[in-house]
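Quick notes on the structure that follows.
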Amino acid sequence: MTGSGADMDMNAEAAALLERSHRLGADPRNTNYAGGNTSAKGLATDPVTGGEVELLWVKGSGGDLGTLTASGLAVLRLDRLRALADVYPGVEREDEMVAAFDYCAHGKGGAAPSIDTAMHGLVDAAHVDHLHPDSGIALACAADGEKLTAECFGDAVVWVPWRRPGFQLGLDIAAIKEANPRAVGCVLGGHGITAWGASSEECEANSLRIIRTAERFLTDHGRPEPFGPVRPGFEALPEAERRRRAAALAPHVRALASADRPQVGHFTDAAVVLDFLARAEHPRLAALGTSCPDHFLRTKVRPLVVDLPATAPLEDVVARLAELHAAYREDYRAYYERHATPDSPPMRGADPAIVLIPGVGMFSFGRDKQTARVAGEFYVNAINVMRGAEAVSTYAPIEESEKFRIEYWALEEAKLARMPAPKPLATRVALVTGAGSGIGKAIARRLVAEGACVVVADVDAANAEAVAAELGGADKAVAVTVDVTAEEQIAAAFDAAVLAFGGVDLVVNNAGISISKPLLETTARDWDLQHDIMARGSFLVSREAARVMTAQKLGGDIVYIVSKNSVFAGPNNIAYSATKADQAHQVRLLAAELGEHGIRVNGVNPDGVVRGSGIFAGGWGAQRAATYGIPEEKLGEFYAQRTILKREVLPEHVANAVFALVGGDLTHTTGLHLPVDAGVAAAFLR
């Protein structure tokens with residue numbers, strides 16, 4: 001047994017550690033997403049000597065307790081880790097110790113060790129938990145937190161003044177444990193809690209004891225309404241009204257949050273957020289910013305807060321947002337310049353990560369949907385912390401200079417540098433119509449694979465839901481039910497998109513049907529139905545897309561899935577081919593009109609996409625096969641043989657063409673129709 005790699009889970013102590021981590025991480029009262037870390041010490045066999053070696057298993061950097069696996073554990077030799085204390089150069093150079101952890105690795109070492117590794121290794125206990133519960137941070141961020149900790153726990157839990165995470169903090173906590181043999185843990189000022197135990201069960205029990213005792217203390221000793229009375233005019237709007245207003249504001253808010261670099265958004269109107277924004281003290285508290293390092297690394301030091309009542313005219317809110325954003329950027333730059341040194345990393349961006357709108361809710365932003373959602377969750381944690389601290393004392397976060405030291409820490413910069421390069425469509429939000437099957441499904445799948453968030457729009461709700469789930473769930477894709485002939489359903493679909501992801505950058509007009517009949521058999525209803533879905537539907541979807549994209553000021557792409565039939569004249573197909581010609585000219589018209597907003601409009605002309613096609617499965621295949629006098633199952637082969645390349649066109653080939661148009665290499669191309677037909681000479685564009 002080596003205690004590293006795939007064998008880690010075979011060790012009883014490591015297995016117990018994973019089980020404890022999952023239980024603690026499953027309850028948001030205990031810690032936040034990817035916050036905190038847990039560890040275990042135990043014996044394993046050294047594969048070199050055959051003797052026993054004492055190891056430390058500790059959650060690695062960036063992992064999440066609730067979903068932690070063996071591969072997410074860092075594995076270190078405890079004797080070497082403890083020996084680092086003898087070469088520790090002092091707090092001014094403590095960052096150098098992180099690189100030294102590499103020389104303590106056992107085997108391949110597992111995951112990268114986090115900054116808290118020293119705490120876990122140096123504390124003389126077999127099991128250690130470091131967590132960020134709202135109740136514990138409320139005491140840690142109270143103005144008289146040390147006194148309150150003593151009142152709450154007696155000598156069972158010790159107060160540790162704020163110190164930035166690192167080797168010195170590990171030494172401090174180790175010394176505190178040794179000096180306080182009755183203690184089961186400590187409250188770290190401005191940060192969180194640490195608990196320990198001789199067994200995994202004891203450590204978990206001590207962690208929960210600290211958290212639940214703090215919760216009861218805040219409830220029993222806290223004053224009612226710690227955020228003050230309701231501020232008239234700032235109460236939550238009725239649900240339907242606030243959701244409409246949030247959807248109307250979302251593109252404008254995203255434009256501001258993306259001034260430095262594009263961001264994905266998340267919206268919540270959770271009761272805890274609405275109540276905070278309705279109260280008189282929220283401007284003061286929001287201005288103080290978040291405190292726990294895990295919080296402000298994701299939320300920035302403070303949010304942007306709209307200072308207008310909930311019922312202010314929409315245009316006034318949009319105008320005020322622009323003013324507040326300009327002031328926010330100036331304030332952030334001043335914050336950076338107040339604390340930056342010649343060695344500080346460059347300023348990463350001055351836009352807010354959190355935007356609070358009274359009566360409406362909270363928008364949060366990040367490099368992807370998960371990051372944006374988690375930022376919002378962390379600000380909810382911060383609200384809970386403020387409430388707890390204000391209930392028993394006064395909320396007093398760590399000093400601004402200390403926040404800067406964390407935010408622009410060289411180790412944090414190195415952590416960001418280790419992140420994988422973003423995919424080509426990262427931060428882009430796509431809405432694909434007719435995405436429940438066939439070509440639309442293939443396009444949605446390709447866009448998600450390239451980093452986009454996708455709104456799967458389809459008239460068939462079950463199909464849309466199934467595709468969204470297949471693509472990875474709500475952080476990757478959401479489903480909306482939409483009949484593209486209905487204006488109100490299209491508007492609702494875009495509202496759902498902007499509330500899910502902050503905005504829309506890329507729209508694919510793919511929804512369609514086809515009825516193949518000779519002219520004399522084509523009814524007015526046949527004509528109207530196909531034109532309503534494809535020509536009129538594409539127009540309506542594009543109009544709504546342009547409204548959102550122009551408000552965002554981020555440019556955008558609109559792609560029409562047209563057809564080779566838009567330029568090819570064939571028999572028994574008057575209604576379908578005419579509506580495809582309509583779509584083809586919409587591409588040219590909109591490319592000319594929307595270019596000034598940076599919105600590119602292009603088309604794809606497929607042909608003969610039989611396999612997986614909803615249109616062909618719905619009777620179109622049988623009709624076309626009858627037209628050509630061949631069995632329906634031979635239709636794909638027939639189409640392939642009449643092409644220049646003799647290749648069958650699949651939905652994935654159309655998806656490839658869409659990506660070629662929007663993936664970043666054709667930035668100067670608009671008004672183009674790209675054939676994906678394996679070569680049909682009669683449909684060559686002239």
Side-chain angles (χ1 to χ4, degrees), residues 20-39 59 63-68 114 116 119-120 123 127-142 145-146 148-153 156-160 162 165 169 173 183-197 200 202-222 226 270 272 276 290-299 374-393 395-398:
R20 177 173 98 241
S21 301
H22 296 161
R23 288 190 295 270
L24 291 171
D27 189 339
R29 294 179 299 169
N30 299 334
T31 199
N32 36 41
Y33 176 81
N37 29 70
T38 52
S39 68
K59 193 202 84 169
D64 173 57
L65 289 178
T67 56
L68 186 63
S114 78
D116 290 313
M119 177 197 307
H120 290 272
V123 169
H127 293 263
V128 177
D129 293 336
H130 170 59
L131 304 171
H132 301 144
D134 294 345
S135 59
I137 304 174
L139 294 177
C141 294
E146 183 173 6
L148 292 170
T149 297
E151 290 179 15
C152 181
F153 300 107
V157 177
V158 185
W159 173 264
V160 179
W162 161 259
L169 181 60
I173 295 177
V184 300
C186 55
V187 171
L188 286 62
H191 190 162
I193 70 164
T194 296
W196 45 76
S200 186
E202 181 181 351
C203 183
E204 183 176 359
N206 287 338
S207 291
L208 295 176
R209 173 184 171 185
I210 295 172
I211 295 166
R212 303 296 176 255
T213 301
E215 289 172 353
R216 289 192 296 272
F217 181 84
L218 296 173
T219 299
D220 295 344
H221 296 80
V272 62
F276 174 65
T290 52
S291 181
C292 174
D294 264 37
H295 293 182
F296 60 73
L297 281 173
R298 292 167 171 84
T299 66
V374 169
E377 291 171 0
F378 272 85
Y379 200 80
V380 169
N381 291 130
I383 292 173
N384 293 335
V385 167
M386 294 177 201
R387 178 184 292 106
E390 288 283 309
V392 294
S393 178
Y395 175 61
I398 61 175

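Quick note: residue numbers are just sequence positions, from 1. FYI, side chains are in, hydrogens and waters are out, and symmetry mates aren't considered; it's all heavy atoms of this structure. Values in this document were obtained by computation on a predicted structure and should not be read as measured data.
- Looking at residues two or more places apart in sequence or on another chain, you find no ring pair (Phe, Tyr, Trp, His ring centres under 6.0 Å) involving His127.
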For a side chain to side chain contact (heavy atoms under 4.5 Å, CB included) check, start with the C-alpha distance between Thr213 and Val157, then their side-chain angles and the critical distance, and finish with the verdict. CA-CA 11 Å; Thr213 301; Val157 177; over 6 Å; no
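- Atoms SG and CD, on Cys152 and Glu215 in that order, are 10.5 Å from each other to the nearest 0.5 Å.
- To the nearest 0.5 angstrom, Thr31 atom OG1 is 9.5 Å from Asp129 atom CG.
- Tyr395 is linked by a ring pair (Phe, Tyr, Trp, His ring centres under 6.0 Å) to nothing, counting only residues two or more places apart in sequence or in another chain.
- Annotation: ring pair (Phe, Tyr, Trp, His ring centres under 6.0 Å) contacts of His120 (sequence neighbours excluded): none.
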Is there a side chain to side chain contact (heavy atoms under 4.5 Å, CB included) between Ser291 and Val385? Walk through the geometry before answering. CA-CA 9 Å; Ser291 181; Val385 167; 5.8 Å; no
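- With sequence neighbours left out, the side chain to side chain donor-acceptor pair (under 3.5 Å) criterion links Thr299 to Thr290.
- With sequence neighbours left out, Tyr379 forms a ring pair (Phe, Tyr, Trp, His ring centres under 6.0 Å) with no residue at all.
- Rounded to the nearest 0.5 Å, atoms OG (Ser207) and CG (Leu131) are 5.0 Å apart.
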Derivation and outcome, side chain to side chain contact (heavy atoms under 4.5 Å, CB included), residues Lys59 and Leu65: CA-CA 8 Å; Lys59 193 202 84 169; Leu65 289 178; 3.7 Å; yes
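- Annotation: side chain to side chain donor-acceptor pair (under 3.5 Å) contacts of Trp162 (sequence neighbours excluded): Glu402.
- Judged as a salt bridge (Lys or Arg N to Asp or Glu O under 4.0 Å), and not counting sequence neighbours, the contacts of Glu151 are Lys147.
- Residues forming a side chain to side chain donor-acceptor pair (under 3.5 Å) with Asn206 (at least two apart in sequence, or on another chain): none.
- Between the CG atom of Leu24 and the CD1 atom of Ile211 there is a distance of 6.5 Å, given to the nearest 0.5 Å.
- The side chain to side chain contact (heavy atoms under 4.5 Å, CB included) test applied to Thr194 returns Met119, Val128, His130, Ile173, Cys186, Leu188, Trp196, not counting sequence neighbours.
- Arg23 is linked by a salt bridge (Lys or Arg N to Asp or Glu O under 4.0 Å) to Glu204, counting only residues two or more places apart in sequence or in another chain.
- With sequence neighbours excluded, the residues forming a side chain to side chain donor-acceptor pair (under 3.5 Å) with Asn384 are Asp134, Arg387, listed by chain and number.
- Across all their heavy atoms, Gly192 and His132 have their closest contact at CA-CD2, 4.3 Å.
- Separation of atoms CD1 (Ile193) and OG (Ser135) is listed at 7.0 Å; rounding is to 0.5 Å.
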Mind running side chain to side chain contact (heavy atoms under 4.5 Å, CB included) on Thr219 and Arg216 for me, showing each step along the way? CA-CA 5 Å; Thr219 299; Arg216 289 192 296 272; 5.7 Å; no
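- Listed by chain and residue number, nothing satisfies the salt bridge (Lys or Arg N to Asp or Glu O under 4.0 Å) test with Glu146 (two or more places apart in sequence, or in another chain).
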